[in-house]
Protein chains: 2
Amino acid sequence: MSKYYDDKDRFLVAMDCIIFGFSEGELSLLLIKRKIEPAKGQWSLMGGFLRENESIDEGAKRVLNELTGLENVYMEQVRTFGEVERDPGERVLSVAYYSLVKIEESDQERLVDHNAYWIKINELPELIFDHGQMVELAKDVMRQKASTEPIGFNLLPDLFTLTQLQSLYEAIYGTVLDKRNFRKRVAEMDYIVKTDKIDKTGSKRGASLYKFNDRIYQKHPIFKL
Amino acid sequence: MSKYYDDKDRFLVAMDCIIFGFSEGELSLLLIKRKIEPAKGQWSLMGGFLRENESIDEGAKRVLNELTGLENVYMEQVRTFGEVERDPGERVLSVAYYSLVKIEESDQERLVDHNAYWIKINELPELIFDHGQMVELAKDVMRQKASTEPIGFNLLPDLFTLTQLQSLYEAIYGTVLDKRNFRKRVAEMDYIVKTDKIDKTGSKRGASLYKFNDRIYQKHPIFKL
DNA sequence: TCAAAAGTGTTAAGTTTACACCCATGA
DNA sequence: TCATGGGTGTAAACTTAACACTTTTGA
């Protein structure tokens, strides 16, 4: 099998997932209270080991799917963590991925099985190993990406109000945005399309529901929020 | 040794280096014309395999040092490439790093030993495997970083003229910049310090030499070019 | 009828861009 | 003396930020 590289070291490779969700005006992460060694009882990211027959992107998707049951989720690699002693049990490289999911769509039973909970991003517990570092980096990378590409819609229902959209971006940036300026910019993006549906759950008056149209976006892929 | 992870697959892990240099107003990459299999005779990035006793950052530095003899070089991880068939010989994950070096400082003999050449970035040959993709991504990541953090100075001599600095950023962005606007912005960065030295090699009149003062930068780490 | 969220334009401030000439020197 | 790169300021265009009131409706 190995033609050229027989004498080289080989490594365990894990994928760890920073899973973002959005609800009640706040970003959350899906975290695991570990039921097994090592680090039993402590909080960690969902992770899993890479297999021979899959790419690391596929591996990350498999790990995410195992926990949430979700397919076709937005995922992006953050980077690989490779300190020698990062896992005290044994040397493991870990490729960190972040993903954006709609909280309501994840499979509740699987979350229970894995002892997983949505934790608000401003109330994160201490995490094992270097998972805290992974989360910090993932937040930076996600924020940067979300400001220039329309990935935020992955965190919202297919139909959303402008108030929800603004609240999402306020959570991502950690700032308060001006409603009129925000809506002015949204109005310039013709791929954020107003539907004739009204959401009555958020207010008595009701708010128009919008959707993101990727086909239109692809024609003029300019985004800035 | 392995306490928990006995049944998991293990992988060869390489570090591949996208090595940027700057001369004559152009960015170049240090590329290898391979003398060994696989892909003998083709162009590739400098790479090497990760060892048990080193972190991936250390591994990348070792690989860069082996080729150039340089230490303390600016390096940043780009991301990990992990398609199953990316190396047709055998499955290998590769962590791509880019580095910024001063061309004159690299050890000429080592370059010859490795069959390495500086190739202008607009004249790159086809590269093996997914190295072309790595280069494209590294360019994006480097450009982005160079626009918001003062890493470009790693490509210039310690003393440089404003014309050289402008020419560097023109090469990084692939655009022409306005001389007066450029100098206005440089003047606002008090960590780009004018020395009393004059460079006479670039013009008859002579141009003031400047240096980057990291101590001052750290006090107000704001950079934008 | 009133509380609560939805919706809507204008102006000032700040930032970015465009642009042209004189200077110093060595050949 | 002249060709070459070094060095300098201002005004217009554009972008961003600040700001407050009216509408609708269910309780």
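Order of the sequence lines fixes the chain letters, A, B, ..., with proteins taken first and strands second; residue numbering starts at 1 for each chain.
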Worksheet entry | ring-ring contact (aromatic ring centres under 6.0 Å, His included) partners for A:F129, two or more places apart | A:H131

Worksheet entry | Residues that A:E83 engages under salt bridge (charged side-chain N to carboxylate O under 4.0 Å, His left out), provided they are two or more places apart | none

Worksheet item: Which residues pass the ring-ring contact (aromatic ring centres under 6.0 Å, His included) test with A:F212, sequence neighbours left out?
Response: A:F153, A:Y191, A:Y217

N/O donor to acceptor pairs below 3.5 angstrom from side-chain atoms of residues 28-35 of chain A, sequence neighbours left out:
unit_1	atom_1	unit_2	atom_2	d
A:R34	NE	A:P38	O	2.7
A:R34	NH2	A:P38	O	2.9
A:K35	NZ	A:D113	O	2.3

Practice prompt. With a 4.0 angstrom cut-off to heavy atoms of chain B, pull out the first and last contacting nucleotide of DNA chain C, in 5'-to-3' order.
Written response: C:dT17 to C:dG26

Practice prompt. Only counting residues at least two apart or in another chain, list the ones meeting side chain to side chain contact (heavy atoms under 4.5 Å, CB included) with B:N213.
Written response: B:V193, B:R215, B:I216

Worksheet item: A:R110: what forms a salt bridge (charged side-chain N to carboxylate O under 4.0 Å, His left out) with it, not counting sequence neighbours?
Response: A:D107

Worksheet item: Could A:D130 and A:R86 be called an ion pair, given the rule that one side-chain N must be under 4.0 Å from one carboxylate O?
Response: yes

Worksheet, complete the sentence: Between B:R180 and B:G206, whichever has its closest DNA chain C nucleotide further toward 5' is B:R180

Practice prompt. Using salt bridge (charged side-chain N to carboxylate O under 4.0 Å, His left out) as the criterion, list what pairs up with B:E105, not counting sequence neighbours.
Written response: none

Item to complete: Return the set of residues passing ring-ring contact (aromatic ring centres under 6.0 Å, His included) with A:F22 (not counting sequence neighbours), or none when no residue passes.
Response: none

Fill in: For DNA chain D, the residues among residues 181-200 of chain A that have a non-hydrogen atom under 4.0 Å from it
A:N181, A:K184, A:K200

Item to complete: Could you pull out all residues at least two apart from B:E149 that satisfy salt bridge (charged side-chain N to carboxylate O under 4.0 Å, His left out)?
Response: B:K145

Between protein and nucleic acid, restricted to nucleotides 1-5 of chain D and to nitrogen or oxygen atoms under 3.5 Å apart, what atom pairs and distances do you find?
unit_1	atom_1	unit_2	atom_2	d
D:dG5	N2	B:R205	NH1	3.4

